[in-house]
Visitor: 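Okay, here's the structure, questions in a sec.
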Amino acid sequence: PEGFGWTRRANFRREGAPKPKVPHAENPILPQIHRDYGMTPEAIAKAPARLIAILSGFASMLHKQKAAGSKYFVGDRLSAADLYWACFSIMVKPQAQEDCAMPDYMQINYSAITPDVAAALDPLLIEHRDLIFRQHIGLPLDF
């Protein structure tokens, strides 16, 4: 609870998202997701501020590491933190469908972030994500 993925799920919104291309794309299970993850209305209301705090902390760490000559979150080599961020970052800025195919409803939910959360998404975080996928995970993802 209150980690990045949990908080992002609490923050899923349909308002402002592009119109779905398929009927099930509106993610009718969103209330079930909130119940299954034990999300209260209070946690849902606090989610944007929590996401901003997490993104700001991640960005601060990467900027410090970059200034020290490293492209990774910890030390000078790949760690679990790099892999976790790369994978979870898709929840705020999905990769291109040709690199990471996903159902429309997921693309819609993951793309629909509030302006304040979008402002906290430092470009360095996405540069790092792309580097980790290119150099360590591999693209396109093959399911």
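If you read the sequence from its start, that first residue is 1, and numbering goes on from there.
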Visitor: Measure from the side-chain N and O atoms of Arg129 to the backbone N and O of Lys93, and report whether any donor-acceptor pair falls under 3.5 Å.
Guide: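 Pair found, side chain donor or acceptor close to backbone of Lys93.
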
Visitor: Heavy-atom distance under 4.5 Å between the side chains of Asp122 and Ile126, does that happen here?
Guide: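 No; the side chains remain at least 4.5 Å from each other.
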
Visitor: Let's go through Ile90 and Phe133 carefully: what are the C-alpha distance in whole Å and the side-chain angles of both, what is the deciding distance for side-chain contact (heavy atoms from CB on, under 4.5 Å) to 0.1 Å, and is it a yes or a no?
Guide: CA-CA 11 Å; Ile90 294 167; Phe133 270 98; 4.0 Å; yes

Visitor: Give a yes or no on whether the backbone of Tyr110 and the side-chain of Arg8 come within a donor-acceptor separation of less than 3.5 Å.
Guide: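 At least one qualifying donor-acceptor pair exists.
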
Visitor: Mark yes or no for whether Ser56, through its side chain, and Ile52, through its backbone, hold a donor-acceptor pair below 3.5 Å.
Guide: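 Yes, because the side chain of Ser56 sits within donor-acceptor range (under 3.5 Å) of the backbone of Ile52.
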
Visitor: Are Gln95 and Leu139 side-chain neighbours, meaning at least one heavy-atom pair lies under 4.5 Å?
Guide: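 When only atoms from C-beta onward are counted, Leu139 and Gln95 do touch, with a gap below 4.5 Å.
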
Visitor: Working to the nearest 0.5 angstrom, can you tell me the gap between Leu51 CG and Trp6 CH2?
Guide: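 Here the interatomic distance stands at 10.5 Å.
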
Visitor: Within this structure, what is the CG-OG distance for the pair Asp76 and Ser70, rounded to the nearest 0.5 Å?
Guide: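 So the gap between those two atoms works out to 6.0 Å.
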
Visitor: Would you confirm whether Gln65, through its side chain, and Tyr72, through its main-chain N or O, come within 3.5 Å as a donor-acceptor pair?
Guide: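 Yes, the answer is positive, given that a donor and an acceptor are paired below the 3.5 Å cut-off.
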
Visitor: Any chance you could lay out the side-chain contact (heavy atoms from CB on, under 4.5 Å) test for Ile132 and Trp85, step after step, and finish with the verdict?
Guide: CA-CA 9 Å; Ile132 299 303; Trp85 166 248; over 6 Å; no

Visitor: Quick check for you: to the nearest 0.5 Å, what is the distance between Ile44 atom CD1 and Lys46 atom NZ?
Guide: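 If I round to the nearest 0.5 Å, the distance is 12.5 Å.
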
Visitor: Looking at side-chain heavy atoms only, is the closest gap between Met91 and Arg9 below 4.5 Å?
Guide: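 The answer is yes; the side chains approach within 4.5 Å.
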
Visitor: Please report the C-alpha distance between Ser89 and Leu125 in whole Å, then the side-chain angles of each, then the deciding distance to 0.1 Å, and finally whether the side-chain contact (heavy atoms from CB on, under 4.5 Å) criterion is met.
Guide: CA-CA 8 Å; Ser89 69; Leu125 291 169; over 6 Å; no

Visitor: Is the backbone N or O of Gln107 less than 3.5 Å from a side-chain atom of Ser111, with the two atoms forming a donor-acceptor pair by type?
Guide: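 Yes; judged by distance alone, with no hydrogens or angles, the pair exists.
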
Visitor: Any donor-acceptor pair under 3.5 Å linking the side chain of Glu2 with the backbone of Thr7?
Guide: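 Absent.
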
Visitor: Can any side-chain N or O of Gln97 pair as donor or acceptor with the backbone N or O of Met102 at less than 3.5 Å?
Guide: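 Side chain of Gln97 to backbone of Met102: a pair is present.
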
Visitor: Taking the side chain as C-beta and beyond, is there a heavy-atom pair between Lys64 and Ser60 under 4.5 Å?
Guide: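 Side chain of Lys64 against side chain of Ser60, heavy atoms only: contact under 4.5 Å found.
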
Visitor: Looking only at side chains, do His128 and Asp82 share a donor and an acceptor under 3.5 Å apart?
Guide: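 There is such a pair (donor and acceptor under 3.5 Å, judged by atom type) between the side chains of His128 and Asp82.
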
Visitor: Using the six-membered ring wherever Trp is involved, compare the ring planes of Phe58 and Phe4 and label them parallel, tilted or perpendicular (cut-offs 30° and 60°).
Guide: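 If you compare the ring of Phe58 with that of Phe4, the planes turn out tilted.
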
Visitor: Does any part of the side chain of Leu83, heavy atoms only, come nearer than 4.5 Å to the side chain of Phe73, both counted from C-beta?
Guide: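 Phe73 vs Leu83: side chains apart.
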
Visitor: Rounded to the nearest 0.5 Å, what's the gap from CG on Leu121 to CD1 on Ile113? Could you check?
Guide: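 The CG atom of Leu121 sits 5.5 Å away from the CD1 atom of Ile113.
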
Visitor: Is there a side-chain contact between Lys71 and Gln135, using heavy atoms and a 4.5 Å cut-off?
Guide: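 Yes; the side chains approach each other to less than 4.5 Å.
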
Visitor: Kindly compute the distance separating NZ (Lys66) from CG (Leu124), expressed to the nearest 0.5 Å.
Guide: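 If we round to the nearest 0.5 Å, Lys66:NZ and Leu124:CG are 5.5 Å apart.
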
Visitor: For Ile137 versus Ala86, what's the shortest heavy-atom pair and its separation?
Guide: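 Closest heavy-atom pair between Ile137 and Ala86: CD1-CB, 4.2 Å.
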
